[in-house]
Amino acid sequence: MRTVLVVLFDGVQSLDVTGPLEVFQGGELHAPGSYRIRTASLDGAAVRTSSGLTVVPDQALTASATPHTLLVPGGQGTRDPAPDIVAWLREHGPRAERLVSVCTGAILLAEAGLLDGRRATTHWAYCDKLARDHPSVEVDPDPIYVRDGHVATSAGVTAGIDLALALVEEDLGREVALDIARHLVVFLRRPGNQAQFSAQLAAQTARREPLREVQQWITEHPGGDLSVETLAARARLSPRHFARAFQAETGMTPGRYVDRVRLEHARRLLEDTSDGVEEISGACGYGTPEAMRRAFVKALGTAPAEYRRRFRPASAPTH
């Protein structure tokens with residue numbers, strides 16, 4: 001049996017706690033005896049979450065043995081972390097077989113020195129702070145979760161569910177993880193290196209109407225000619241002026257925006273349709289299946305066929 005211990009503190013984000021707990025409890029229901037789930041605050045007293053919910057822990061941290069999986073959620077309470085919690089993590093964290101954080105829980109791990117020399121992520125809004133305050137941590141702001149050895153860190157809120165599903169899959173197998181995902185009405189288990197944002201959310205909305213129209217055009221025509229020259233003509237700007245203005249107003253280059261839109265569209269077609277890889281590669285502007293495969297491997301670490309096998313819901317159509 002694997003003990004999962006969740007650290008609680010005032011100002012914790014309730015979904016960072018309950019999301020992963022629902023996943024691990026689902027694993028226990030599928031395979032009784034797999035997990036023993038406990039929650040603990042510093043002194044065993046109830047804590048008040050950032051949303052005002054009061055949570056009563058099972059025990060005190062000071063009376064807790066080192067667990068198999070130590071999970072540290074995030075929330076407003078990580079902005080000024082209690083020194084005693086950081087000290088407890090510094091002592092007990094290295095002994096856990098798995099060390100996990102959700103959202104800004106990574107800040108507590110970093111304060112305890114548990115992320116030094118490791119690659120990690122956190123909520124996109126706090127990645128700069130984590131990198132600035134802890135230069136020994138290699139902060140990657142893009143993925144929804146990062147695994148570095150026995151340490152796993154995730155982005156905000158729902159990414160904690162994705163990470164917990166990945167851990168359950170590791171422990172109990174893919175079918176159990178997918179059954180839990182279906183029970184929780186999670187559409188699919190997202191791969192860890194999927195970006196925290198879709199292209200449309202990751203990019204700022206351009207202020208000028210011609211550039212906003214170009215953003216919308218890209219989204220609606222991923223298989224079209226999306227070269228800088230063509231897009232610039234739609235915006236009635238020179239290619240050089242368009243490229244500079246697009247990056248200035250959206251925060252990313254036209255090429256990167258196009259790449260993200262095409263990847264997202266291809267993912268949706270793989271998940272939702274029975275179209276072949278060659279057909280999808282054409283519909284998404286890749287031209288050839290090999291070009292699409294290279295894009296998938298670079299962005300997601302897996303080929304399109306494997307992506308479809310792993311992440312298409314069981315109810316999706318097949319050939």
Side-chain angles (χ1 to χ4, degrees), residues 23 142-145 155 158-159 161-163 165-166 168-170 173-203 205 212-231 233-234 246 250 252-319:
V23 173
D142 287 331
I144 58 173
Y145 63 82
T158 57
I161 295 176
D162 293 296
L163 176 53
L165 285 167
V168 168
E169 179 177 348
E170 179 181 286
R174 176 174 179 266
E175 290 306 315
V176 171
L178 290 178
D179 282 347
I180 296 169
R182 285 192 286 268
H183 178 72
L184 296 176
V185 200
V186 178
F187 182 61
L188 53 82
R189 184 180 73 71
R190 296 180 292 174
N193 49 3
Q194 181 170 318
Q196 292 193 30
F197 281 139
S198 67
Q200 291 84 356
L201 289 177
T205 300
R212 288 201 301 272
E213 289 179 357
V214 167
Q215 284 182 286
Q216 186 64 28
W217 172 264
I218 293 171
T219 302
E220 294 174 353
H221 301 85
D225 178 2
L226 301 180
S227 64
V228 168
E229 291 75 16
T230 298
L231 297 177
R234 293 196 63 85
F246 190 95
T250 68
M252 63 175 64
T253 65
R256 187 179 183 196
Y257 188 82
V258 167
D259 288 344
R260 288 197 173 191
V261 167
R262 283 177 166 162
L263 184 70
E264 288 169 17
H265 189 58
R267 283 180 43 245
R268 285 195 295 272
L269 292 177
L270 288 169
E271 294 159 10
D272 298 341
T273 77
S274 60
D275 295 348
V277 170
E278 184 169 358
E279 186 177 354
I280 292 173
S281 66
C284 296
Y286 289 111
T288 66
E290 176 58 24
M292 180 168 141
R293 189 194 70 82
R294 288 196 300 268
F296 265 69
V297 170
K298 180 180 179 180
L300 301 176
T302 188
E306 175 64 11
Y307 181 91
R308 167 172 272 172
R309 187 189 72 80
R310 289 177 62 85
F311 302 116
R312 183 170 57 185
S315 60
T318 58
H319 287 299

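The basis for the numbers below is simple: all heavy atoms, side chains too, and nothing from hydrogens, waters or symmetry mates.
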Does Arg256 pair with Asp259 as a salt bridge, N-O distance under 4.0 Å?
-> no
Measuring from Ile161:CD1 to Leu184:CG, what's the distance to the nearest 0.5 Å?
-> 6.5 Å
Excluding sequence neighbours, so at least two apart, what forms side chain to side chain donor-acceptor pair (under 3.5 Å) with Thr230?
-> Asp225, Ser227
Taking the side chain as every heavy atom from C-beta outward, state whether Cys284 and Met292 have any pair of such atoms under 4.5 Å apart.
-> no
With sequence neighbours excluded, what pairs up with Arg294 under the salt bridge (charged side-chain N to carboxylate O under 4.0 Å, His left out) test?
-> Glu290
Across all chains, not counting sequence neighbours, the ring pair (Phe, Tyr, Trp, His ring centres under 6.0 Å) partners of His183 are none
Side chain to side chain contact (heavy atoms under 4.5 Å, CB included) partners of Glu279, counting only residues at least two apart | Asp275
Any side-chain heavy atom of Ser281 sitting closer than 4.5 Å to one from Thr288?
-> no
Does the side chain of Val297 come within less than 4.5 Å of Thr302's, by heavy atoms?
-> no
What are the two closest non-hydrogen atoms of Pro289 and Val277, and how far apart are they?
-> CB-CG1, 4.0 Å
Rounded to the nearest 0.5 Å, how far does CD1 of Ile280 lie from CZ of Arg267?
-> 12.5 Å
Atom pair CD1 (Ile144) and CG (Leu163), whose distance is rounded to the nearest 0.5 Å | 8.5 Å
Can you list every pair that meets ring-ring contact (aromatic ring centres under 6.0 Å, His included) and has a residue in residues 267-303, with sequence neighbours left out?
-> Phe296-Tyr307
Quick one: do Arg309 and Glu306 make a salt bridge, cutoff under 4.0 Å?
-> yes
How many angstroms lie between atom OG1 of Thr250 and atom CD of Gln215, to the nearest 0.5 angstrom?
-> 6.0 Å
Does Arg262 use its side chain to pair, donor to acceptor, with the backbone of Pro222 at less than 3.5 Å?
-> yes
Heavy-atom pair with the smallest gap, counting every atom of Leu269 and Ala283 | CD1-CB, 4.3 Å
Flag the pair Thr273 / Arg308 as yes when at least one side-chain heavy-atom distance between them is below 4.5 Å, and no otherwise.
-> yes
Nearest 0.5 Å please: distance from the CG atom of Asp179 over to the CZ atom of Arg174.
-> 10.5 Å
Would you mind reporting whether Ile180 and Glu169 have side-chain heavy atoms less than 4.5 Å apart?
-> no
Residues which pass side chain to side chain donor-acceptor pair (under 3.5 Å) with Gln216, listed by chain and number, not counting sequence neighbours | Glu220
Would you sort out whether Tyr257 and Leu226 count as a side chain to side chain contact (heavy atoms under 4.5 Å, CB included), showing the intermediate values?
-> CA-CA 10 Å; Tyr257 188 82; Leu226 301 180; over 6 Å; no
Distance (rounded to the nearest 0.5 Å) between Ile218 CD1 and Arg234 CZ = 10.0 Å
Ignoring hydrogens and geometry, is there a side-chain-to-backbone donor-acceptor pair from His265 to Val261 under 3.5 Å?
-> no
So does Glu278 have more than 12 non-hydrogen atoms from other groups sitting under 6.0 Å from CD?
-> no
Are side-chain heavy atoms of Phe246 and Val228 found at a separation under 4.5 Å?
-> no
